[in-house]
Amino acid sequence: MTERCIRICLIDDHEMVREGLKRMLANYHDLAIVGEAGTATEAVEAVRTTAADVVLLDLQLPDGQGLDVLPDLLALPHPPAVLVLTVHDDHDLVLGAARRGARGYVLKHTSHEELATAVRRVAAGGHYFSPDVVGTLVQGELNAQDRLRLTTRELEVLRLLVEGLPNRGIGRRLFLSGDTVKTHLGNIYRKLGVDGRTQAVVVALRDKLLE
């Protein structure tokens, strides 16, 4: 049976950037560019009509900010996974994108291999924050003692969190009640020194806690 391609919509105001992305991803048989838009006004309709699985979203558009488009994309009947693709690694932009529902954030100088990996990861329900921006999003280093304090069960919960599963999905996978999942997540957040799911994912990726 033929593997279904991941449908991608490009949102970037520079035509040359869009053409470059098309060429960059053309050699991957499992990735297909199905639409594009150059403005915030065109973005939502382009994603809606193409039924894209993943949106590569630039943050600087001629008629608005990419961050402002993000909630509208996620409000669609079949919302895509949004992967921010930008030149900006400013802390507030990275954090703002994550808080508004972006599944990942990569910089435009990334290699085609990393971009393809990021697209596949977010399409599968996970997260991908480029190593270049992870340090921007969560400052400081996690010391070895903190790592060792995560129990085996907490690491299992964290792994499923990185994969993008909601609390209910984590509970079903590990045969845990909703309250037990919440307890484990609270302990994970406390031990990692983070405020919630997105920062926990970024710390796990940055410090390779699941390798």
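These numbers come from the heavy atoms of this one structure, side chains and all, not from hydrogens, waters or symmetry mates. Positions are given from 1 along the sequence.
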Exercise. Knowing that exactly one of V82, I6, V47 qualifies, which makes a side-chain contact (heavy atoms from CB on, under 4.5 Å) with V54?
Worked result: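 Testing V54 for a side-chain contact (heavy atoms from CB on, under 4.5 Å) against V82, I6, V47 leaves exactly one candidate, I6.
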For this session: Could you please spell out the steps behind the side chain to side chain contact (heavy atoms under 4.5 Å, CB included) verdict for D12 and K108?
Result: CA-CA 11 Å; D12 194 293; K108 284 185 176 178; 2.7 Å; yes
For this session: Report the C-alpha separation of L174 and V181 in whole Å, then their side-chain angles, then the decisive distance to 0.1 Å, and conclude whether the side chain to side chain contact (heavy atoms under 4.5 Å, CB included) test is met.
Result: CA-CA 9 Å; L174 299 178; V181 172; over 6 Å; no
For residues [X] and [Y], report the shortest heavy-atom separation together with the two atoms involved.
X	Y	answer
Y128	T117	CE1-CG2, 4.1 Å
L76	P79	O-CD, 3.1 Å
A52	P80	O-CB, 3.6 Å
L155	L209	CD2-O, 4.0 Å
A40	V69	CB-CG2, 3.5 Å
G104	V122	N-CG1, 4.2 Å

Compile the donor-acceptor pairs under 3.5 Å between side chains in residues 156-171 and protein atoms, sequence neighbours left out, one pair per line.
residue : atom : partner : partner atom : Å
E156    : OE1  : R153    : NH1          : 2.8
R159    : NH2  : L210    : O            : 3.1
N167    : OD1  : R197    : NH1          : 2.6

Is the closest side-chain heavy-atom distance between [X] and [Y] below 4.5 Å?
X	Y	value
L176	H184	yes
K191	T151	yes
L83	R103	no
L57	L70	yes
L61	D68	no

Exercise. Only one of H78, R7, R4 clears side chain to side chain donor-acceptor pair (under 3.5 Å) with D53; which?
Worked result: R4
For this session: Determine, stepwise, if the pair L31 / I8 fulfils side chain to side chain contact (heavy atoms under 4.5 Å, CB included).
Result: CA-CA 7 Å; L31 306 180; I8 304 168; 4.0 Å; yes
For this session: To the nearest 0.5 Å, tell me how far Q60 CD sits from T86 OG1.
Result: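 Atom-to-atom, Q60:CD and T86:OG1 are 6.5 Å apart.
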Treating Ile, Leu, Val, Met, Phe, Trp and Tyr as nodes and any side-chain heavy-atom pair under 4.5 angstrom as an edge, say whether [X] and [Y] lie in one connected cluster.
X	Y	result
I11	L21	no
V55	L107	yes
V34	Y28	no
L85	L67	no
V106	L73	no

Problem set entry | Partners meeting side chain to side chain contact (heavy atoms under 4.5 Å, CB included) with E36 (sequence neighbours left out) | L10, R18, K22
Exercise. With a cutoff of under 4.5 Å between side-chain heavy atoms, which Ile, Leu, Val, Met, Phe, Trp and Tyr residues group with V87?
Worked result: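 Under the 4.5 Å side-chain rule, V87 groups with nothing.
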For this session: I would like to know whether H88 and Y105 meet side chain to side chain contact (heavy atoms under 4.5 Å, CB included); could you show each step before the answer?
Result: CA-CA 10 Å; H88 303 287; Y105 196 113; 4.3 Å; yes
